[in-house]
Amino acid sequence: MATVNKPTDPKQKEADINRKLQLYGIFNAFRLGKVPSNDQIDVALNSFISSRALSNPSTRLSAEGRELVADFVDVVKHAKALLLSKNEGNLLQDFIWQTRQFDASTVTTPNSPLTKEEAKQHGDKALQGLRTLGTLLITNGQFRKLLSDASLLIRDMAGDAATNAASKVRPSEDKLKQLDMPADDNTWHEAPKFSKENIRSQMQSVYKRNPATDAKDAANTAVEGARQPDGTLNPPAGAQAGASAVSDKVDANVSDEDREAAKSAAAEYRRQAREYLNKKVPQERRDQTVWRLKKMVLECQQHPDYQQAITTLLDLAEQYGKHGRTMTTDGSGTVKQTRSAFAAAEADLKTLMERFANGTSSDDMWSSINTLYEDADRDPELRNWFKSMDTYVRKCLQQQGYIMDEDCNKQWHHLYDRGNYLLRQKYRTHTDRIIDETKFLADQFDKDPQNKAFGVSLQKLFTHLGNDENGKPKFKPHLIKDLTEVIIPSALQNVAYIPIPRIEYSDKQVDAIVENLVLESDNFMPNVLEIASDNFFRWGRKKHASRNKNSIDVKVSGVQMDLRDVSFYVKKKAGFPSVSDQGVANLFLGGEGFCFRMKLSTADPKDRQHFFKVDKVDVDVKHLNIKLVKSKHKLLFNMFKPILLRVLRPVVQKVAEKQIKQQFNEMDQTLYMIKQEADRALEEARADPKNAPNYYRRYLNATQKQMLQNKQKKQKAAEEAVKAAEKKVNVAITSEASVFPNIHLPGGISAKASEYKELARKGDKWESPVFSIGAAAKSSDIPVAPAVTRKAHAPLNGSAHAATAAAAGAGAKITNGGYTNGTTAKMTNGGGMKNGSLAKPVTAANAANPVSI
């Protein structure tokens with residue numbers, strides 16, 4: 001008796017269908033703005049890690065394959081610890097919810113120049129403009145070529161760095177030649193002195209005095225400088241005094257020779273770096289890059305959608321900037337309402353960023369940026385420069401061709417010189433502070449231990465994937481064998497049961513519904529795939545023509561089905577006899593099941609095909625059996641079942657043969673259209689060889705265009721066919737989408753899908769119970785989120801932070817280089833900030849105010 005690879009297991013089938021439908025519910029929850037909580041993510045990842053494939057890899061995998069599985073598990077564990085630790089309190093989930101739910105049109109604006117409907121329309125226009133510009137940018141050939149060239153340059157520089165490092169580590173040839181030579185007989189050397197006094201004396205040869213004493217003196221100087229006559233403290237003044245003291249002591253205790261040597265070494269490193277960059281990116285290449293960027297903008301300007309998109313975005317930015325100032329002065333209540341609406345999201349994002357930055361407060365960075373804004377408010381020259389930059393950018397982006405004119409370059413050089421004077425001379429200390437604070441915060445990201453651990457695990461995975469034990473790139477064929485012979489077959493087998501949505505059909509003659517169709521992946525995949533090739537080639541000369549002919553013979557067998565409890569509904573509305581039935585059936589296709597054999601050959605010039613043609617298709621259906629479990633006409637069906645199957649079998653075979661042949665003919669036509677499109681693109685590119693796409697890009701673009709056209713043609717043909725015959729074909733995932741919502745079939749998958757869709761809607765705010773997937777226990781080793789604190793740091797450009805290090809070394813309680821804005825208390829979810837706003841920055845107005853002690 002014919003059997004199938006995997007007979008249906010009702011319990012396993014039910015559990016697997018529920019898992020698949022829960023994934024559908026999770027997809028709907030994401031669409032609604034719902035996200036999983038930290039606990040749900042923890043349980044899901046723990047369940048994934050404890051799955052059989054990861055916890056107990058197959059012994060058929062190679063040794064390196066099992067090592068890669070262990071590396072992948074390590075990456076998942078570090079990613080889980082990083083996310084759950086930094087996201088303590090579900091900050092990311094709350095941020096996503098707040099930003100998705102905020103609607104600017106709901107904010108009441110007394111005396112506002114915009115109505116709520118106008119604000120909504122402006123938001124839609126801005127979104128459409130950004131999408132248009134983004135599409136134009138990523139599809140532009142110049143932009144993609146620039147990215148490709150940049151990646152090549154970075155790889156070249158990385159190769160140079162690796163070569164230089166290897167040359168420094170590698171010993172010289174002379175030393176290698178002496179590798180096996182013994183030392184001279186009876187040669188003795190003096191033992192190195194590691195005593196505390198010796199090390200101290202070596203350090204003092206550079207710095208002549210006691211560092212700890214000088215640090216205490218500098219701290220005392222800073223405190224005295226900050227003390228005011230009335231007993232209060234002025235920290236900025238103290239920081240400046242401390243910096244001066246540190247500078248004086250360093251100058252007094254470091255010899256001129258050591259100072260000059262350090263300066264010479266630093267200057268030499270800077271010179272070598274400049275020479276290397278000038279070699280890799282010479283002036284000609286820099287000028288060419290600027291020209292290519294201009295050409296990219298010009299090409300985008302020539303697109304019909306560009307002007308509307310850029311004009312809309314620039315106008316809206318200017319309009320809302322003016323409205324913002326008006327609202328600030330005339331509508332303080334509106335501003336507070338808007339700020340409070342965004343407060344939670346702002347606080348969440350700020351705290352998340354600071355946690356990933358090794359628990360470092362970002363208040364100093366925002367304070368430094370705010371200082372430059374205040375400078376522009378006070379200084380008309382700086383304010384006018386920003387306005388001139390705005391006008392210049394508008395002209396470059398809007399006026400077609402201006403960006404390529406010489407006047408554009410002259411205007412840029414003028415603005416550059418003025419900006420260099422304002423930002424690098426007049427307000428140099430303020431811009432230097434912005435750079436210092438940004439670099440310090442970025443450095444804290446690199447120093448964060450959890451970030452580093454995750455990066456190391458990821459690097460380890462990719463190193464083992466494509467490198468040998470010496471770190472050199474290596475192709476590993478055994479990993480390909482693991483993939484094709486173990487991983488992919490196991491994945492297909494674990495797909496298990498695949499539920500098919502409810503299928504509905506209606507026309508003038510009949511209404512029909514089929515539901516609860518569930519395919520089993522192990523049965524549905526063919527057991528045998530055979531391909532035989534026959535090649536003929538003849539080379540001729542003189543009167544004999546050359547000829548070649550290729551053909552392949554494809555044989556597929558063992559496509560099986562074991563469909564249990566398939567629900568159906570049939571109602572014949574016209575003709576005789578008028579029959580209606582509703583029931584449950586089992587469909588079985590075992591043994592060799594569905595088989596087909598197809599012969600393909602290269603097309604001849606006289607054929608309608610272009611690349612290949614289908615010579616023959618033979619389809620066979622064996623061991624097909626239908627059993628009615630429940631039906632109004634069960635007895636009648638069983639009587640005529642042998643005749644029905646005898647008639648049905650050849651009909652199914654003929655229809656399948658016709659469909660297979662038709663699909664391959666359509667594929668041949670599609671390939672020919674792709675070739676024609678690629679050839680047309682090649683002809684167009686010959687007019688501009690520098691920007692001609694490569695061979696693969698031409699065919700990729702042609703394939704995408706042809707696939708889109710074919711999809712549109714099929715949709716249009718299907719709509720016309722349905723309209724002509726008044727047919728309705730519907731695939732309903734849930735009961736809400738059903739054409740026949742009042743017809744309920746037993747064991748309906750659509751009803752279960754509706755339950756999971758409804759479950760996705762439940763839960764407060766961003767929460768939903770549908771994300772609870774997996775049965776593993778929660779983790780108990782997740783690190784606590786780092787407390788956000790202000791960290792003392794010395795500036796990179798030598799500004800007034802210098803006293804901080806000395807004060808900290810002496811034990812003085814001074815943090816963040818003497819800046820006083822913000823709090824040093826432990827912050828959770830933006831704690832310590834009113835309405836989620838950033839801490840008040842130090843300004844010219846409040847810096848002079850003393851701080852009481």
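Only this structure's heavy atoms are used, side chains among them; waters, hydrogens and symmetry mates stay out.
- Judged purely by atom type and a 3.5 angstrom limit, R564 has no side-chain atom pairing as donor or acceptor with the backbone of A585.
- Formation of a donor-acceptor pair under 3.5 Å by the N5 side chain with backbone atoms of D522 is found in this model.
- Taking the side chain as every heavy atom from C-beta outward, N586 and L563 never approach each other to under 4.5 Å.
- Taking the side chain as every heavy atom from C-beta outward, I782 and K80 approach each other to under 4.5 Å.
- Note on K752 versus E14: salt bridge recorded, some NZ/NE/NH1/NH2 to OD/OE distance being below 4.0 Å.
- Checked by atom type and distance alone, the side chain of S601 never pairs as donor or acceptor with a backbone atom of S551 at under 3.5 Å.
- Checked by atom type and distance alone, the side chain of N516 never pairs as donor or acceptor with a backbone atom of S567 at under 3.5 Å.
- A 4.5 Å side-chain heavy-atom check between S506 and F740 finds at least one atom pair inside the cut-off.
- We find that D16 and R19 are joined by a salt bridge, their nearest charged nitrogen and carboxylate oxygen being less than 4.0 Å apart.
- Listed for the N90 side chain is a donor-acceptor partner under 3.5 Å among the backbone atoms of N38.
- When atom types are taken as modelled, the side chain of K549 and the backbone of F536 share no donor-acceptor pair closer than 3.5 angstrom.
- The pair D94-K765 counts as a salt bridge, with a side-chain nitrogen and a carboxylate oxygen less than 4.0 angstrom apart.
- Between the side chain of K555 and the backbone N or O of V528, no donor-acceptor pair lies under 3.5 Å.
- In terms of modelled atom types and a separation under 3.5 Å, the side chain of D668 and the main chain of H610 share a donor-acceptor contact.
- Using a 4.0 Å cut-off between a side-chain N of Lys or Arg and a carboxylate O of Asp or Glu, K757 and E736 qualify as a salt bridge.
- When atom types are taken as modelled, the side chain of Q560 and the backbone of E592 share no donor-acceptor pair closer than 3.5 angstrom.
- Within the structure, every pair that satisfies the ring-ring contact (aromatic ring centres under 6.0 Å, His included) test and touches residues 9-60, not counting sequence neighbours, is listed here: F30-F771.
- In terms of the side-chain hydrogen bond (donor to acceptor under 3.5 Å, both in side chains) criterion, residue partners of E64 (sequence neighbours excluded) are, by chain and number, K476, H478.
- There is a side-chain donor-acceptor pair under 3.5 Å between S62 and D482.
- Side-chain contact check for V617 versus R597: every heavy-atom pair is 4.5 Å or farther apart.
- A salt bridge links D607 with K613: the distance from a Lys NZ or Arg NE/NH1/NH2 to an Asp or Glu carboxylate oxygen falls below 4.0 Å.
- Here the two rings, on H78 and F454, have centers that are 6.0 Å apart or farther.
- Salt-bridge formation is detected for the pair K778/D39: a Lys NZ or Arg NE/NH1/NH2 atom is positioned less than 4.0 Å from an Asp or Glu carboxylate oxygen.
- Around the CZ atom of F611, the shell of radius 6.0 Å holds more than 12 heavy atoms that belong to other residues, nucleotides or ligands.
- L519 has its side chain within reach of I500: a pair of non-hydrogen atoms, C-beta onward, lies under 4.5 Å apart.
- Other residues, nucleotides and ligands place no more than 12 heavy atoms under 6.0 Å from the NZ atom of K599.
- A donor-acceptor pair under 3.5 Å is absent between the side-chain atoms of S768 and the main chain of K34, judged by distance alone.
- Between R649 and D620 a salt bridge is recorded (basic side-chain N to carboxylate O distance below 4.0 Å).
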